[in-house]
Trainee: 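Here it is, the structure, as structure tokens.
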2 protein chains.
Amino acid sequence: MLSKKTKYGLKALFALARMYNRGPVLIADLAEAEKIPKKFLEYILLTLRNGEILASRKGKGGGYYLAREPRQITIAAAVKVLEGSVAPVACLDGSPAAVCEECVKLATCGIRLAMKDAWDAMSAVMEKTTLADVLDRIDLAEENEKELFNFVI
Amino acid sequence: MLSKKTKYGLKALFALARMYNRGPVLIADLAEAEKIPKKFLEYILLTLRNGEILASRKGKGGGYYLAREPRQITIAAAVKVLEGSVAPVACLDGSPAAVCEECVKLATCGIRLAMKDAWDAMSAVMEKTTLADVLDRIDLAEENEKELFNFVI
DNA sequence: TTTAAAGTCTATCAAGCAAATAGACAAAAT
DNA sequence: ATTTTGTCTATTTGCTTGATAGACTTTAAA
């Protein structure tokens, strides 16, 4: 299960993606709009900035904004920065040195062999889904909801 | 990341699958063979038994054994019992009532829309991978390791 | 050049969960 | 009857998550 930090972080990213190219957004405004505790959001945005998903400007007129276009930021990248790793076992998270103490031998470890294909399938999807894709899906879903509502009337 | 409980549990299941139809296995023997703290393993096996993955017999000559054939126990089922849920968000874990507090509206929740396809892909693989499949993969991997060793000589 | 508005950083806290352990109890085969 | 073996409840320890406080730094604009 994703941590609250990651969920809040994703919500913030969707909001920032929607406001892309409208300049920096204040932490306080974002916190209120997305119902995220301000101080916690501050820490989350800092994490995303250190992970080069976001950029910021200090001082008057400052705030946070996406470091790249919504179409160039993947869910995989965001989740990796926010959560650290979501791989079911350490040895599958992509970093070469990460060996889990459970594996006696990496190549023949049952847990790894059991989870590898499943994890590969999941990360492939996350790698190709961008913030822009998610916005499109949200819009489509909202459109469908409206249709449904009209139909009921 | 899977908890230690789940990892230990999977290891125990692989071992029990290998010894399928050789009668009940003692907790103590399994603990020693798989290097799992005995009391912790006791608790893990109990979880698996309550989840109807394992069955047990008390008294002399008793022990634990798989409740079904290795070919009929999926990784998805085992992980679900051991970990509770591995879905990235509660509303994706299959149970109808599970709604995450983050979603204002289930159908249009960005987090859900962002993770749904990825999670579907992962669970599909876990649903179709059985303990027997994993044993096969381990054997194959060990065979390959041996080949490699011979080649080096 | 001052000042107020913003982000940055470090420290701290409480609550909850994971991992592990202990020991009394119940069942069943011999 | 007795011994072997699983079952259950409770407890401990330490780490992680979620959240908050406050001092500090940077920057734009008055």
Side-chain angles (χ1 to χ4, degrees), chain A residues 1-12 16 23-32 34-67 79 81-86 88-90 100-102, chain B residues 1-12 16 23-32 34-67 79 81-86 88-90 100-102:
Chain A
M1 175 89 84
L2 298 177
S3 67
K4 219 133 184 171
K5 179 186 182 187
T6 300
K7 290 177 188 169
Y8 282 152
L10 287 175
K11 276 183 110 166
L16 288 173
V25 179
L26 296 190
I27 295 182
D29 292 350
L30 201 51
E32 194 186 13
E34 299 299 322
K35 304 275 178 268
I36 303 172
K38 183 171 171 250
K39 273 293 184 182
F40 196 24
L41 179 60
E42 195 179 281
Y43 156 66
I44 292 167
L45 296 184
L46 206 52
T47 303
L48 285 167
R49 183 179 161 280
N50 291 334
E52 291 170 328
I53 306 279
L54 293 181
S56 64
R57 195 155 58 217
K58 284 188 181 181
K60 211 169 189 175
Y64 275 96
Y65 51 94
L66 296 187
V79 167
V81 166
L82 287 164
E83 191 84 20
S85 167
V86 235
V89 271
C100 39
E101 74 267 23
E102 289 83 28
Chain B
M1 174 89 86
L2 298 178
S3 67
K4 218 134 183 171
K5 180 186 182 187
T6 300
K7 290 178 188 169
Y8 282 153
L10 288 175
K11 275 183 111 167
L16 288 173
V25 179
L26 298 189
I27 295 182
D29 291 351
L30 200 51
E32 193 185 14
E34 299 299 321
K35 304 273 177 269
I36 303 173
K38 183 171 170 249
K39 273 293 185 181
F40 194 25
L41 178 60
E42 196 179 279
Y43 156 66
I44 292 167
L45 296 183
L46 206 52
T47 303
L48 284 167
R49 184 180 160 279
N50 291 334
E52 292 169 328
I53 305 278
L54 293 181
S56 65
R57 195 154 59 216
K58 284 187 179 181
K60 212 168 190 174
Y64 276 96
Y65 51 96
L66 296 188
V79 167
V81 166
L82 287 164
E83 191 84 21
S85 167
V86 234
V89 271
C100 39
E101 73 268 23
E102 289 84 28

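To find a chain, count down the sequence lines: A is the first, B the second, and so on, and within it residues start at 1. This is a predicted model, so every value here is computed, not measured.
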Trainee: Within the 4.5 Å heavy-atom criterion, are A:L30 and A:L45 side-chain neighbours or not?
Mentor: yes
Trainee: Whole Å only: how far is the CG atom of A:D29 from the P atom of C:dA5?
Mentor: 14 Å
Trainee: Tell me, for nucleotides 2-18 of chain D in 5' to 3' order, what letter each nucleotide earns: B for a base near a protein heavy atom under 4.0 Å, S for only sugar-phosphate near one, - for neither?
Mentor: --BBSBB---------S
Trainee: Please report the distance, rounded to the nearest Å, between OH in B:Y43 and P in C:dA22.
Mentor: 17 Å
Trainee: My understanding is that only residues two or more places apart in sequence, or in another chain, count here; which of them pass side chain to side chain donor-acceptor pair (under 3.5 Å) with A:E83?
Mentor: A:S3, A:T6
Trainee: Which distance, rounded to the nearest 0.5 Å, do you find between the NZ of A:K7 and the CE of A:M1?
Mentor: 5.0 Å
Trainee: Is the shortest side-chain heavy-atom distance between B:I27 and B:Y64 below 4.5 Å?
Mentor: yes
Trainee: Sequence neighbours excluded, which residues qualify as side chain to side chain donor-acceptor pair (under 3.5 Å) partners of B:R57?
Mentor: none
